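Worksheet for the structure shown next.
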Amino acid sequence: RQQHLCVVTATLKEAEQLAGVVGFFLGNRTADLHLFPPYKILPHKMLGYHSQTAARRIGTLFTLTESRAPFLLITCVDALLQRLAPKDELNGFAELVMADEETDRDQLIEKLISGGYTHAALVEEPGDFCVRGGIIDLFSPLYPEPLRLEWFGDTIDAIRTFSPDNQRKTGELPEAIILSAREVILKKETLPDVMSRIRARALEQGLGGSKSREIIDRLRSEGLFPGIEGLLPLIFPRLDALFDYLPATTLYILDAIPGLAASAAKFTERVAENYRGALQNERVCVPPDSLYFTWGALWSQIAPTGPLVLDAFDMLRDPGGGTPLPVPVALQFAVEDNLDVSRELEKGLDTDHLFQPLADWLERAQERNCTPVIVCRTESQARRVEALLRHYQITVHFTHQMPSPGSGSQRVYGCIGPLDKGFVWTAEHLALITAQEIFGKSKRRRTRRVKKSPAALLTFEDLKQADLVVHAQHGIGR
């Protein structure tokens, strides 16, 4: 049955790699796939988060709450540990604008500023906006390109998309949804409460009034300044977790609990170290537990949902949250690797037919009614595979995406994808081999830098009488 899925990996790199692989197999159905990354900058340093990361997170959170179709969310433990702005605040900020409808232009500009949009001369990155007469350009996190709202009087005459590179129109929309540019939303009516909480926190830390006034003055003059996300608990009296944005029926898939727990412990220590540094520097800051969950608290929320845990050994141990895992269920499916054919290709015993093992592998796959697919990382690898197999009277039909397995065709397919290893899954009629398994892992050659001799920079005019010189044949002399 179809179900919402949330896969949790130990690191962002693993999450990105998994998203790339899953996206390759999904093909044109990638709208159901979402990656929720963590911020690479930790709090307490008063540095601004990258606008691309913020846009991806906000766009993903809104899509998850609005989506009716089953989705696959991929994230890492760092992102899952972080507390988020209340779902009601982010969804409540969303503004639907429609062509041929009256919209208060000035009120919209005020809302953009409260949502963290930055005024720019040209709109090039998510979170930018620009006002030119009756035109507002803005880059909402929900869209891959900026939007151009054109007013005629009090009515939006047209909504267009345009390229951030050359600012030229690329399309037209009947309506658009404007989301906040950052996870902090600062409303005028809540500003007094925010300032009160900032003063109270500075007092708890034993800091003088000048420290709290410095932040309050920046809020009044700049609005949402860089690093304000580190004070999120002072902006909102209550924070949510990623769980609050997901349906209650979501199935959580955890990739190796020991790795997740170790990654969470490292992340927690880094946050604590930053917090200690902020205290030493007498900056207004909030305790780490108000910004992040602990691994134990995280597991206590996941365990009751009945997660699917992927682990090779010792699956019955306590994962650290005080709740042991249920008895594991064995899933029976037969998948073969391509280790044998890779070794044969690497040995290259038959110098006259180096790639005969590959040709035999393709033939065996077709005999087993499997669709053979060769996955290359680059176009040059694809051309090389095509040329090599031509000598064995094998034609490779390259496609733009993963072909459907079990089509009954005797064709050999090829495509570009981010895979390093393949497999043979007879039950699903799929045999997949990668260019890395065929040619081996590519090695980067180190280029030695030839040091120029200092003597090459000298001229005869630089030499003085009695200077030591080295002759190519006779050695040292004067």
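These figures come from a predicted structure and were not determined experimentally.
- Side chains of Ile374 and Ile438 form a contact here, defined as non-hydrogen atoms less than 4.5 Å apart.
- With hydrogens and angles ignored, the 3.5 Å screen pairs no side-chain donor or acceptor of Thr155 with any backbone N or O of Asp157.
- Between the Thr11 side chain and the Glu14 main chain, a donor and an acceptor come within less than 3.5 Å of each other.
- Between Trp425 and Ala334, the closest heavy-atom pair is CD1-O, 3.6 Å.
- Taking every heavy atom of both residues into account, Ala435 and Gln381 meet most closely at CB-OE1, 3.4 Å.
- Not counting sequence neighbours, the partners of Gln82 by the side chain to side chain donor-acceptor pair (under 3.5 Å) test are Arg57.
- The shortest side-chain heavy-atom distance between Thr305 and Thr250 does not fall under the 4.5 Å cut-off.
- Between the CG atom of Leu186 and the CZ atom of Arg220 there is a distance of 11.5 Å, given to the nearest 0.5 Å.
- The backbone N or O of Phe36 lies less than 3.5 Å from a partner atom in the side chain of Thr75, making a donor-acceptor pair.
- The distance from atom SG of Cys76 to atom NZ of Lys13, rounded to the nearest 0.5 Å, is 13.5 Å.
- Counting heavy atoms of neighbouring residues, nucleotides and ligands inside a 6.0 Å radius, atom CD of Glu222 exceeds 12 of them.
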>> Using the rule given for side chain to side chain contact (heavy atoms under 4.5 Å, CB included), can you reason through Asp78 versus Leu12, listing the C-alpha separation, both sets of side-chain angles and the distance that settles it, and then say yes or no?
In response: CA-CA 8 Å; Asp78 293 5; Leu12 174 60; over 6 Å; no
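- At least one side-chain heavy atom of Ile215 sits under 4.5 Å from a side-chain heavy atom of Leu231.
- Between Leu234 and Arg197, the closest heavy-atom pair is O-NE, 2.8 Å.
- Ile156 places none of its side-chain heavy atoms less than 4.5 Å from the side chain of Met98.
- At least one donor-acceptor pair under 3.5 Å links the side chain of Gln205 to the backbone N or O of Cys285.
- A heavy-atom distance below 4.5 Å is not found between the side chains of Phe423 and Glu336.
- The closest donor-acceptor contact from the side chain of Ser180 to the backbone of Leu90 lies at 3.5 Å or more, if one exists at all.
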>> Evaluate Leu254 against Trp299 for side chain to side chain contact (heavy atoms under 4.5 Å, CB included), listing each step before the verdict.
In response: CA-CA 11 Å; Leu254 309 183; Trp299 175 251; 3.3 Å; yes
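- Surrounding NZ of Lys266 are at most 12 heavy atoms belonging to other residues, nucleotides or ligands under 6.0 Å away.
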>> Before you tell me yes or no, could you show the steps for Thr170 and Thr161 under side-chain hydrogen bond (donor to acceptor under 3.5 Å, both in side chains), namely the whole-Å CA-CA distance, both residues' side-chain angles and the distance that decides it to 0.1 Å?
In response: CA-CA 5 Å; Thr170 58; Thr161 58; 2.9 Å; yes
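- Residue Met402 holds its CE atom at 11.5 Å from CG of Leu26, rounded to the nearest 0.5 Å.
- Rounded to the nearest 0.5 Å, atoms SG (Cys415) and NE2 (His400) are 11.0 Å apart.
- No side-chain heavy atom of Phe93 sits under 4.5 Å from any side-chain heavy atom of Phe62.
- Taking 4.5 Å as the limit, some side-chain heavy atom of Leu64 sits within range of a side-chain heavy atom of Phe71.
- Between Val123 and Pro146, the shortest heavy-atom distance links the atoms CG1-CB, 3.8 Å.
- The CG atom of Leu112 sits 6.0 Å away from the CG atom of Leu138 when rounded to the nearest 0.5 Å.
- Salt bridge status for Arg276 with Glu269: present, with a side-chain N to carboxylate O gap under 4.0 Å.
- In this structure Tyr39 satisfies the ring pair (Phe, Tyr, Trp, His ring centres under 6.0 Å) test together with Tyr49, sequence neighbours excluded.
- With Ser263 contributing its side chain and Leu260 its backbone, the two residues share no donor-acceptor pair below 3.5 Å.
- Between Tyr252 and Phe243, the angle of the ring planes goes over 60°, which puts this pair in the perpendicular group of the 30/60° scheme.
- Rounded to the nearest 0.5 Å, atoms CD1 (Ile198) and CD (Glu214) are 11.5 Å apart.
- Judged by distance alone, with hydrogens and angles left aside, the side-chain atoms of Asp244 form a donor-acceptor pair with the main-chain N or O of Ala241 at under 3.5 Å.
- Contact detail for Gln52 and Pro126: the closest heavy-atom pair is NE2-CD, 3.6 Å.
- Side-chain atoms of Arg105 never come within 3.5 Å of backbone atoms of Trp151 as a donor-acceptor pair (strictly under, hydrogens ignored).
- Under the 3.5 Å distance criterion, the side-chain polar atoms of Arg238 are left unmatched by any main-chain donor or acceptor of Phe236.
- Using modelled atom types, one side-chain atom of Glu437 and one backbone atom of Gly422 make a donor-acceptor pair closer than 3.5 Å.
- Contact check for Phe25 versus Leu419: side-chain heavy atoms found under the 4.5 Å cut-off.
- Using a cutoff of 4.0 Å between basic side-chain nitrogens and carboxylate oxygens, Asp137 and Arg132 are scored as salt-bridged.
- Taking both residues in full, the closest heavy atoms of Val385 and Cys376 are given as CG2-SG, 4.0 Å, listed atom of the first, atom of the second, then distance.
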> Checking side chain to side chain contact (heavy atoms under 4.5 Å, CB included) for the pair Arg182/Glu229: CA distance, chi angles, key distance, verdict?
Replying inline: CA-CA 9 Å; Arg182 297 165 72 170; Glu229 289 83 358; 2.9 Å; yes
> Checking side chain to side chain contact (heavy atoms under 4.5 Å, CB included) for the pair Asp420/Arg377: CA distance, chi angles, key distance, verdict?
Replying inline: CA-CA 8 Å; Asp420 293 327; Arg377 278 191 170 269; 3.0 Å; yes
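- By the neighbour-count criterion of 12 heavy atoms within 6.0 Å, atom CD of Glu101 is densely surrounded, having more than that number from other residues, nucleotides or ligands.
- Between Arg201 and Glu204 there is a salt bridge, since a side-chain N of the basic residue sits under 4.0 Å from a carboxylate O of the acidic one.
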